[in-house]
Protein chains: 2
Amino acid sequence: MKKADKLGMTFTIKSPTTVGETVYNRERQKMSISQQEASFSRRVDADLVQNPVYTGVERAILEQRLPPGTRLAETDLADFYGVSRTIVRTGLQALAHSHLVTLRPNRGASVANPSPREAREVFEARELLEPRSAREAALRAGRADVRALRLHAREEHEAMRSNESGRALRLSGRFHVMIAQIANQRTIAEIIENLVSRSSLIIALYWTRSSTRCDEGCHNALIDAIERNDAVEAEELMRSHLVELHSALRFDIGDSSNKTLKDMLSQ
Amino acid sequence: MKKADKLGMTFTIKSPTTVGETVYNRERQKMSISQQEASFSRRVDADLVQNPVYTGVERAILEQRLPPGTRLAETDLADFYGVSRTIVRTGLQALAHSHLVTLRPNRGASVANPSPREAREVFEARELLEPRSAREAALRAGRADVRALRLHAREEHEAMRSNESGRALRLSGRFHVMIAQIANQRTIAEIIENLVSRSSLIIALYWTRSSTRCDEGCHNALIDAIERNDAVEAEELMRSHLVELHSALRFDIGDSSNKTLKDMLSQ
DNA sequence: ATTATTGAAAACGTATACAATCTTGAACTC
DNA sequence: GAGTTCAAGATTGTATACGTTTTCAATAAT
């Protein structure tokens with residue numbers, strides 16, 4: 001009770017709208033990206049998509065409503081999402097595997113707090129994988145893919161304009177994942193998806209600039225290159241985009257988040 | 001009862017010796033590889049290492065005692081390892097995240113059955129990541145690292161000589177992981193570790209040659225290059241080694257495993 | 001002989017109970 | 001006043017109970 005108050009967890013139990021949108025997005029991808037083998041499964045995800053804790057907390061982290069280090073007590077989450085602790089634990093364990101959440105034995109879960117080293121490594125890995133992905137995407141992208149990318153870029157833009165910076169950040173990450181998916185290398189796309197997710201936490205901790213404006217230009221330029229099937233240009237644009245992001249991180253600041261956690265989960 | 005018989009699961013409940021060795025290996029690494037930040041945690045693993053289901057099933061898969069597609073009934077595992085289904089589920093979910101196990105809603109778990117496409121993608125990803133890792137390892141490796149590698153190669157050799165092909169395969173994979181760890185890029189090392197694990201399943205399904213003899217020469221040559229700090233050579237050796245492995249896979253054969261699952265888990 | 005039906009047994013999904021561990025804060029000592 | 005001790009409360013870890021779904025074999029129908 002005291003704890004719930006401290007966390008600002010005066011929740012009315014509600015069903016999260018998260019699941020709906022995620023499913024929608026998946027559906028949309030399915031149309032634009034050729035799926036060669038139905039048997040190539042990520043069944044874990046199929047299960048996870050309907051775990052409200054997983055989808056809800058993931059989304060809250062990607063939108064930076066849950067800052068790094070935030071304690072995630074099982075009972076609070078169970079109450080909030082109206083499920084038992086069993087489901088909460090499943091979701092938290094999955095998030096821990098994605099490095100979005102840290103699990104400490106007998107101490108419970110908290111939003112991950114990537115170290116400067118981890119931050120650097122994540123971006124180095126992205127700089128290694130994503131340019132190649134962008135090149136491949138430029139070679140493979142069809143009309144539907146380009147259309148989906150443009151639609152998505154518009155959504156990003158609108159989120160920025162209406163000052164929904166959290167939503168903008170999440171969509172920006174999703175843009176990178178979409179490119180990786182167009183490249184039609186699921187294994188690598190999945191790795192990239194994970195690295196991109198972690199980037200939201202890294203940006204929350206080490207980002208220096210206030211604006212994410214650069215994203216807009218970069219992303220549009222990338223779409224143009226992909227539409228032209230200009231593989232070399234797409235690869236180079238992606239590389240420089242990532243280097244730019246990476247260079248906007250500052251690792252010399254200590255994590256000093258003293259905000260109260262009011263309404264971080266709800267909406 | 002009927003089912004247990006069919007699976008050859010006439011288990012005497014015993015504590016798996018798996019955990020012990022794994023811990024030992026980790027300890028050994030810790031000595032040979034410089035650890036800069038204790039806070040850079042993979043706490044999920046800390047938890048998982050003492051999950052007998054996770055360690056036992058993982059090891060059985062890596063040693064090809066559990067062939068792809070093998071059904072993993074929760075109750076059987078619970079009985080075998082002497083834990084409740086709660087623990088079994090935690091372990092299986094973790095294995096599913098590593099793509100070693102497939103979870104289908106209401107249908108339970110089975111050893112993953114990577115498609116030809118997934119197999120190809122895994123090796124493509126390895127060819128992308130590991131050569132670079134080997135280069136970095138060659139630059140960074142110290143005396144202790146080289147010594148650990150040679151010790152490990154000897155273990156591999158002995159496993160081969162004594163016809164423990166499963167153990168040899170697992171150790172061979174571990175060798176690649178060790179190099180990735182020496183490269184001191186934990187994020188990428190973890191990705192490689194996962195790809196290497198999946199390779200055991202891929203080899204079980206699509207391997208054509210009977211011998212793994214080539215490994216021995218390749219690995220020794222790699223150690224030599226690393227000892228000389230010859231980055232270029234190490235990178236090239238790793239690249240060609242992986243290409244050779246990849247080229248020894250045949251994707252046109254259907255999976256026809258009709259073996260009974262006797263004693264696949266025990267020992 | 002092959003396919004459909006069906007119901008019992010087995011297996012999975014989720015909630016909950018209880019034990020083990022950690023946290024907190026008040027009382028106490030120095 | 002700063003630090004220590006310890007018990008009550010809170011939180012996590014594991015097992016188990018129970019409802020739901022699936023599987024499978026026996027039976028019936030085509």
Side-chain angles (χ1 to χ4, degrees), chain A residues 1-9 11 13 15 19 41 43-57 69-96 101-111 261, chain B residues 1-11 13 15-16 19 41 43-57 69-96 101-111 261:
Chain A
M1 214 144 284
K2 197 185 302 171
K3 190 50 173 297
D5 197 36
K6 189 170 157 197
L7 287 176
M9 291 234 183
F11 303 133
I13 295 175
S15 71
V19 182
S41 60
R43 294 292 158 77
V44 213
D45 297 21
D47 231 13
L48 284 175
V49 137
Q50 33 194 10
N51 183 326
V53 180
Y54 182 85
T55 56
V57 173
T70 307
R71 184 95 207 302
L72 298 170
E74 296 180 0
T75 312
D76 291 342
L77 291 171
D79 291 348
F80 182 66
Y81 290 108
V83 294
S84 74
R85 278 179 53 223
T86 307
I87 309 294
V88 172
R89 296 193 117 234
T90 303
L92 289 176
Q93 277 157 16
L95 289 164
V101 153
T102 300
L103 251 37
R104 289 182 321 177
N106 287 313
R107 302 286 187 83
S110 51
V111 178
L261 309 190
Chain B
M1 213 147 286
K2 197 182 306 171
K3 191 49 174 296
D5 195 38
K6 188 170 158 198
L7 287 177
M9 288 233 182
T10 45
F11 303 134
I13 295 176
S15 72
V19 181
S41 59
R43 294 293 158 79
V44 212
D45 297 21
D47 231 12
L48 284 177
V49 138
Q50 34 195 11
N51 182 326
V53 181
Y54 182 86
T55 56
V57 174
T70 307
R71 185 94 207 302
L72 299 169
E74 295 179 2
T75 313
D76 291 342
L77 291 171
D79 291 348
F80 182 66
Y81 290 108
V83 295
S84 74
R85 279 179 52 221
T86 308
I87 309 295
V88 172
R89 296 195 117 235
T90 303
L92 289 177
Q93 277 158 16
L95 290 164
V101 153
T102 301
L103 252 36
R104 289 182 321 177
N106 285 313
R107 302 285 187 85
S110 51
V111 178
L261 309 190

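A note on names: the letters A, B, ... follow the listed sequences, proteins ahead of strands, and every chain is numbered from 1. As the structure is a prediction and not an experimental result, all values here were calculated from the model.
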Examine distances only and state if a side-chain atom of Asn51(B) and a backbone atom of Thr90(B) form a donor-acceptor pair shorter than 3.5 Å. no
Atom [atom1] of [X] and atom [atom2] of [N]: how far apart are they, to the nearest Å?
X	N	atom1	atom2	value
Leu103(B)	dT14(C)	CG	P	12 Å
Gln50(A)	dT21(D)	CD	P	13 Å
Leu77(B)	dC12(C)	CG	P	9 Å

Between Ser110(B) and Val101(B), is any pair of side-chain heavy atoms under 4.5 Å apart?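 Contact flag for Ser110(B)/Val101(B) side chains = no.
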Name the residue closer to the 5' end of DNA chain C, choosing between Arg107(A) and Asn106(B) according to the nucleotide with the nearest heavy atom.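 Nearest nucleotide further toward 5': that of Asn106(B).
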Kindly write out the residues that satisfy side-chain contact (heavy atoms from CB on, under 4.5 Å) with Thr86(A), not counting sequence neighbours, or none if the list is empty.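 Only Ser84(A) meet the side-chain contact (heavy atoms from CB on, under 4.5 Å) criterion with Thr86(A).
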Check the interface with nucleotides 14-16 of chain D: list each N/O to N/O pair with the protein under 3.5 Å, or write none.
residue : atom : partner  : partner atom : Å
dA15(D) : OP2  : Ser84(B) : N            : 3.1
dA15(D) : OP2  : Ser84(B) : OG           : 2.5
dA15(D) : O5'  : Ser84(B) : OG           : 3.4
dA15(D) : N7   : Thr86(B) : OG1          : 2.6

Out of the candidates Leu72(B), Leu77(B), Val57(B), Asp76(B), only one should pair with Val88(B) under the side chain to side chain contact (heavy atoms under 4.5 Å, CB included) rule; please name it.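 The side chain to side chain contact (heavy atoms under 4.5 Å, CB included) with Val88(B) is passed solely by Leu77(B) among Leu72(B), Leu77(B), Val57(B), Asp76(B).
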Counting side-chain heavy atoms from CB outward, which of dT11(D), dT23(D), dC12(C) is closest to Arg71(A)? dT11(D)
Could you go through the side chain to side chain contact (heavy atoms under 4.5 Å, CB included) check for Thr102(A) and Arg104(A) one step at a time? CA-CA 6 Å; Thr102(A) 300; Arg104(A) 289 182 321 177; 4.2 Å; yes
Tightest non-hydrogen contact, residues Tyr54(B) and Gly91(B), listed as CD1-O, 3.8 Å
